[in-house]
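Each chain gets a letter, A, B and so on, in the order its sequence line appears, and its residues count up from 1. Worth saying up front: this structure is predicted, and the values here are computed from it rather than measured.
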Amino acid sequence: MTSNTIINIQNLSKTFIGKTEPAVNDISLSIRRGEIFGLLGPNGAGKTTTISILCGLFPPSSGKINIDGMDLRGDLDYIKQIVGVVPQDIALYPTLTARENLNFYGHMYGLKGKALRDKIEMWLSNFGLTDAANRRVSTYSGGMKRRVNLIAGVLHSPKILFLDEPTVGVDVQSRTVIIDYLKELNKSGTTIIYTSHHMDEAEHFCTQVAIIDHGKIIIEGTPKHLIEESLGSTNLETVFLKLTNRALRD
Amino acid sequence: MLILLRDRVGLAILFIMPMVLIFVMTLIQDSAFKSLNEKGIPILFVDDDKDSLGIAIGQGLKNSELCSFHDSINGKPASADEVKKAVADGGFLVGIIVPKGATEAIRKNVSSLVQQTLGTDSVLSAGATKKMSDSVEISIFIDPITKKSFLTSVTSSLREFISVIKTKIMFKTFSDQLAEIIPDKKTTTSSVFEKTQIIKYKEVYASKDIGEIVPNAVQHNVPAWTIFAMFFIVLPLAGSMVKEKNEGSIFRLHTMPSSFLLLINGKIVVYVLVCLIQFILMLSVGLYFLPLLGLPTLVLGNSIAGIIIVTLATAFAATGYGVMVGTMATTEQQGAIMGALSILLFSAIGGVWVPTYVMPQTMRHLSAFSPLNWSLNSFYELFLRGGSVHSILPDSMKLVVFFFVTMSIASVVNRIKRKI
Ligand SMILES: Nc1ncnc2c1ncn2[C@@H]1O[C@H](COP(=O)(O)OP(=O)(O)OP(=O)(O)O)[C@@H](O)[C@H]1O
Ligand SMILES: [Mg+2]
């Protein structure tokens, strides 16, 4: 492992209590600093499970994880500080306004005062939420909630940002805005790990992708490389379908 | 926390509900408590003895604040049968008959005892004492609705009267006999006795006042419903915790560097504060608003420190309980039902609805398991018995221990639940 690697996963497995099949099955991955890494796979492939383990939500059944040179088990406090998470499910207090939600989460990251206020205002205006910021989140549209959900994960300028399907249910306009700002964030040094079902989006956004299914990594590489490798494919979506079959997933 | 402030309806319920409860319950119960306190329990007294004992008991009952004294029905002195009938009809709660020759019987007993004592020159033997107590029989008729506590106080004071009279007669017999030997001493002895007797009477009443607390409706309802309200924060607290779990905020919080304990601590502080605000509001209701309705003013006793300690201990106990319910419940309904039912149960056995001293003995044993009862007892101790910090410390400690126990259970349950 070099200092160029920010996340190193070795033989990661997770079997949920009461389940026979592992949700994550012996995954090994290396993610470089400054990468936009796409974790792609059908429903139930184990994407959310992998991300949850990486941000310390629950321990793996087995495997070794090293983030920014620190061991996940031993230095969880440090890792939590440098990691930002945007969960797949909206994690906001519906009875609070967007501003109050962000204020609260900002405080939980140890931010306060003017620095926090400025940060919140900047992101609210970036995402066109300034006018709605004093309305309760429960009155927001799905896309607005997604945007606030995203801001809550980036307020503390994390070194590593985990995004679990940040663009689900978001219209094309918002999606473009979100992707643009994420690219900007990446340029300023944030490593992004991202899951999605939008192959088209992933193809253009990610610098590196891994396709996983049934908890295993099937293939890994740059989107361009994967398309070239797969005979007769012109985009990531056909590659994906070829590799994961067309059967429906849970 | 803000979430609580945002929930205006919930907040209103938290603060206004107990106030309404206090108003309503106090107004309803005021008359009931009054019949106990101000008018007193109606007692019909028949003195067939017409000697020292009968007169002394009659006088004692007349002076007692606990009962309203009657010695006649329709202006005529009642007979034993009439008393029985009057009590059975519900006109009086208690009927007391001192039979003819009661004093005489004591006197006889005593003089034989005195003779025995002087003759053999020894102390009273156990046999003699027993013989004496067998000799006087006072009949008491009771309406079954009479409170047990009141009854015990009546019978115990009757016993006191009898022993006072006994002593008096004994002294008299002794001094009469002594006077024959040393004539000068006669007056001195009886005057000393008169003093003793007065003190003895006073003691009888003093002990009744301390031992038998019959609080008025305000003294009971204000602390009782305040405690109830303080424990009711379990609902919003548990609700917010379950919501956090189900809305996913908890996941985000778990990925954050702030320790989870810190977050729980924040919640505890907020809800303890809510409890304190409730307490102050309820107290001011008792002090300032109830008197406006013509109800008695709340009397706080004289230990402000004690009040603060009990209130804080109660607030923490309630919060700890809320956190425990919040971790155990998986859905909001579950939390609400669990919280509401258990608090109703705790409050019922704890003496919030019906004071424990009116409960049957078995229920009183159960009360000891209700944290609301520990708190209520402490407030009784402070408000009614004029207790000090020292006297409420054991119950307050129980509340604090309860807080730590519930928090530990919560943390264990949380650890088990998070294992996936
Ligand atoms: N808390 C849990 N307890 C038990 N099983 C779980 C739990 N969370 C996920 N699983 C199982 O683990 C497997 C992987 O789920 P995961 O959420 O990681 O998939 P995913 O790739 O994120 O899918 P999606 O695209 O639908 O979000 C699934 O079979 C799921 O049923
Ligand atoms: Mg997922």
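Annotation: B:Phe279 is in aromatic contact with B:Phe379 [ring centroid separation under 6.0 Å]. Centroid-to-centroid, the aromatic rings of A:Tyr194 and A:Phe205 come within less than 6.0 Å.
No part of A:Ile79 comes within reach of chain B, as not one of its non-hydrogen atoms sits under 4.5 angstrom from that chain. Within the 4.5 angstrom heavy-atom criterion, only side-chain atoms of A:Lys14, from C-beta onward, approach chain B. Heavy atoms closer than 4.5 Å to chain B are found in both the backbone and the side chain of A:Tyr105.
Chain B forms more heavy-atom pairs under 4.5 Å with one residue of A:Val83, A:Leu92, A:Leu76 than with any other, namely A:Leu92.
Counted by atom type alone, A:Tyr181 and A:Asn126 present one or more donor-acceptor pairs between their side chains at under 3.5 Å. Side-chain polar atoms of B:Glu244 and A:Tyr93 form a donor-acceptor pair below 3.5 angstrom.
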